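A short worksheet on the structure shown next.
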Amino acid sequence: MSAVTAETAGRRVEEVLDRLAEKGDADARAAAEDVVRVLMEFYGSGLARAVDLLGRPGARPATDPWGALLADDLVASLLNLHGLHPEDLPTRVERALSGLPQPVEQTGFDPADGVLRLRVTGSSGCGCAGTQESVRQAAADALACHAPEVTRVELEPAGAREPALLQIGTGPPRPGTARLTPADAS
């Protein structure tokens, strides 16, 4: 990726807007100006967030500047958008999934179609379809900014639960039977 100066980028945007104006389509020019405005706000927010996370000049510098930047959804999405995120895909997927309200485990990822398969490993409420869908949607939302290579999330049914372990102890003494105490045994 070549470095583009603010002056060059501004000139190119103006050229595109001028070409749209020459065609006489005021609606297209207004829409293009809106796109430019939204993108400027998006990037401006990302830069402001990065500055805040790294600390303002004169402030105590962050001990782990990459950790703060990569944990932030906006900054992470900008880094991913431009192929600048320093973490590999498995690390980014793990980062995204670690922030979910319900614990999940990965059961497979197909890079050809972008499908990530997950299984809920902890309690997810009542186990109803609505709860399962909310877990799937939370995972998809988190992955959208941390791992855009994942294009779809499928939730596998939880495995069969193991039977509960019952503690079987001695019952209360029955009338007419003596019960040994530790003192009696000595």
Side-chain angles (χ1 to χ4, degrees), residues 1-62 64-102 104 106 108-118 129-130 132-155:
M1 180 185 304
S2 64
V4 177
T5 66
E7 183 181 350
T8 304
R11 193 175 316 121
R12 287 175 54 198
V13 168
E14 285 301 321
E15 288 170 2
V16 170
L17 293 175
D18 288 344
R19 282 197 316 252
L20 285 171
E22 289 170 6
K23 295 187 189 262
D25 190 344
D27 289 340
R29 179 182 170 93
E33 287 175 351
D34 283 344
V35 167
V36 169
R37 193 174 302 103
V38 168
L39 287 174
M40 292 294 292
E41 289 172 3
F42 176 60
Y43 282 97
S45 295
L47 289 170
R49 186 81 54 83
V51 168
D52 285 343
L53 292 169
L54 292 174
R56 301 230 176 246
R60 189 171 148 241
D64 179 17
W66 274 116
L69 291 173
L70 299 179
D72 184 85
D73 290 349
L74 178 60
V75 175
S77 65
L78 282 167
L79 291 169
N80 278 319
L81 182 64
H82 293 285
L84 299 173
H85 203 291
E87 295 178 331
D88 63 3
L89 178 62
T91 304
R92 290 183 284 122
V93 167
E94 213 34 62
R95 180 184 293 275
L97 298 178
S98 69
L100 295 180
Q102 301 295 331
V104 296
Q106 296 179 55
F109 176 65
D110 185 353
D113 62 8
V115 176
L116 178 68
R117 285 172 298 289
L118 302 173
Q132 295 293 309
E133 177 56 23
S134 66
V135 170
R136 191 202 63 75
Q137 189 59 53
D141 292 346
L143 290 160
C145 84
H146 288 283
E149 299 91 336
V150 176
T151 58
R152 191 171 79 232
V153 175
E154 293 178 355
L155 209 56

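Quick note: numbers below take in every heavy atom, side chains included, and nothing from hydrogens, waters or symmetry partners. Since the model is a prediction, treat every value here as computed from it, not as a measurement.
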_R11: which residues meet the salt bridge (Lys or Arg N to Asp or Glu O under 4.0 Å) condition with it, sequence neighbours left out?_
E7

_For R152, salt bridge (Lys or Arg N to Asp or Glu O under 4.0 Å) partners two or more places apart_ = E154

*Hey, could you give me each pair passing ring pair (Phe, Tyr, Trp, His ring centres under 6.0 Å) that has a residue in residues 3-36? Not counting sequence neighbours.*
none

_Partner set under ring-ring contact (aromatic ring centres under 6.0 Å, His included) for F42, not counting sequence neighbours_ = none

*What pairs of residues pass the salt bridge (charged side-chain N to carboxylate O under 4.0 Å, His left out) test when at least one of them lies in residues 71-80, not counting sequence neighbours?*
R49-D72

_Going by the rule side chain to side chain donor-acceptor pair (under 3.5 Å), which residues pair with T91 if we only count those two or more places apart in sequence or in a different chain?_
D88

_Under the side chain to side chain contact (heavy atoms under 4.5 Å, CB included) test, residues paired with A28 that sit two or more places apart_ = L20, D25

*Residues two or more places apart in sequence or in another chain: which of them pass side chain to side chain contact (heavy atoms under 4.5 Å, CB included) with S98?*
none

*Set of residues satisfying salt bridge (Lys or Arg N to Asp or Glu O under 4.0 Å) with respect to E41, sequence neighbours excluded*: none

*asked:* Could you work out, with side chain to side chain contact (heavy atoms under 4.5 Å, CB included) as the rule, every residue matching D113, not counting sequence neighbours?
replied: D110, V115

*For D34, what residues pass the side chain to side chain contact (heavy atoms under 4.5 Å, CB included) criterion, not counting sequence neighbours?*
R37

_Partner set under salt bridge (Lys or Arg N to Asp or Glu O under 4.0 Å) for E149, not counting sequence neighbours_ = R92

